[in-house]
Amino acid sequence: MSETPPDPTPDKTPHQIPDEQPAAPTTMDIHEIMALLPHRYPFLLIDRVVEMERKQRIVAIKNITFNEPQFQGHFPDYPIMPGVLMVEAIAQAGGALLLSEIPDRDSKLMLFTSIENARFRRPVTPGDQLRIEVTVLNWRTRAVKMSGSITVDGKLVCDAVVMCQVVPRVAKKVEAKVETAE
């Protein structure tokens with residue numbers, strides 16, 4: 001039997017156009033999330049993306065732990081995740097979806113423009129794992145309207161409709177040193 005020498009050309013996926021963009025990732029770890037979002041501890045409120053459909057839907061996870069700073073004061077004897085942080089988690093998940101489509105995202109920020117119909121249905125406490133599902137309602141070039149819901153163990157704890165807009169990131173101001181003559 002004779003062996004056929006290996007083909008030196010790389011395998012191509014059937015129906016792939018040569019200059020076609022590779023498929024967007026459908027999951028993200030914390031490092032990939034941090035590459036997209038400008039938020040950092042203690043305000044980065046998503047830990048992992050477990051599902052993503054480009055410009056349509058994203059599902060993220062946030063693990064709630066007792067050592068998070070908000071529980072020192074909200075409330076010391078009965079730690080409850082503030083509702084505003086849950087809405088922020090919805091926006092950050094949507095931001096990961098939105099910013100993954102922006103090629104020059106290092107020079108952009110995503111800002112809230114509205115929050116509608118926010119409802120908080122059950123308390124979230126340390127040990128809970130939030131499943132944050134965000135669905136795009138309306139996608140424009142620089143703005144997105146999204147419906148988000150958060151569940152814990154399959155039970156709805158929060159839902160809201162948020163709008164976000166991508167804006168230019170303002171350059172950092174450099175303070176000039178003023179020298180005095182002696």
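Predicted model only: the values in this text are computed from it and were never measured. When reading the values below, keep in mind they use all heavy atoms of this one structure, side chains included, and skip hydrogens, waters and symmetry mates.
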Problem set entry | Heavy-atom check, side chain of R48 versus side chain of D29, under 4.5 Å | yes

Exercise for review: Flag the pair V124 / C158 as yes when at least one side-chain heavy-atom distance between them is below 4.5 Å, and no otherwise.
Suggested key: no

D106 meets the salt bridge (charged side-chain N to carboxylate O under 4.0 Å, His left out) criterion, sequence neighbours left out, with none

Sorted by chain and residue number, the side chain to side chain donor-acceptor pair (under 3.5 Å) partners of Q70 (sequence neighbours excluded) come out as E68

One should read off an interatomic distance between S100 OG and L37 CG, to the nearest 0.5 angstrom, of 10.0 Å

Between F71 and I64, the two heavy atoms sitting closest are CZ-CG2, 3.6 Å

Heavy atoms of P79 and T125 approach each other most closely as O-CG2, 3.3 Å

- Dump the intermediate steps for side-chain contact (heavy atoms from CB on, under 4.5 Å) on M146 and I90, then the final yes or no. CA-CA 9 Å; M146 302 169 282; I90 289 170; 6.0 Å; no

Salt bridge (Lys or Arg N to Asp or Glu O under 4.0 Å) pairs touching residues 134-145, sequence neighbours excluded, are E116-K145

Besides F75, the hydrophobic cluster formed by Ile, Leu, Val, Met, Phe, Trp and Tyr side chains linked at under 4.5 Å, directly or via other members, contains Y78, I80

Exercise. Look only at the side chain of Q72 and the backbone of P69, and say whether a donor-acceptor pair between them is shorter than 3.5 Å.
Key: no

Residues at least two apart in sequence or cross-chain that pass side chain to side chain contact (heavy atoms under 4.5 Å, CB included) with L156, listed by chain then number, are R121, S149, T151, D159

To the nearest 0.5 Å, atom CG of L99 lies from atom CD of E101 at 10.0 Å

So salt bridge (Lys or Arg N to Asp or Glu O under 4.0 Å) across residues 124-139, not counting sequence neighbours, yields E51-R131, R57-E133, R131-E133

For P168 and K108, the nearest pair of non-hydrogen atoms, with its separation, is CA-CD, 4.2 Å

Here the pair of heavy atoms bringing A35 nearest to R105 is O-NE, 4.3 Å

Looking only at heavy atoms, the pair that brings T27 and E32 closest together is O-OE1, 4.1 Å

Note, E88 side chain near F112 side chain (heavy atom, < 4.5 Å): yes

Exactly one candidate in L36, T135, V49, V136 meets side-chain contact (heavy atoms from CB on, under 4.5 Å) with L97; the answer is V136

Can you establish whether the number of heavy atoms outside N67 located under 6.0 Å from its atom CG is more than 12? yes

Q) Are side-chain heavy atoms of I132 and K62 found at a separation under 4.5 Å? A) yes

Nearest heavy-atom approach of A96 to I46 is CB-CD1, 4.4 Å

CD1 (I33) and CE (M28) are apart, to the nearest 0.5 Å, by 6.5 Å

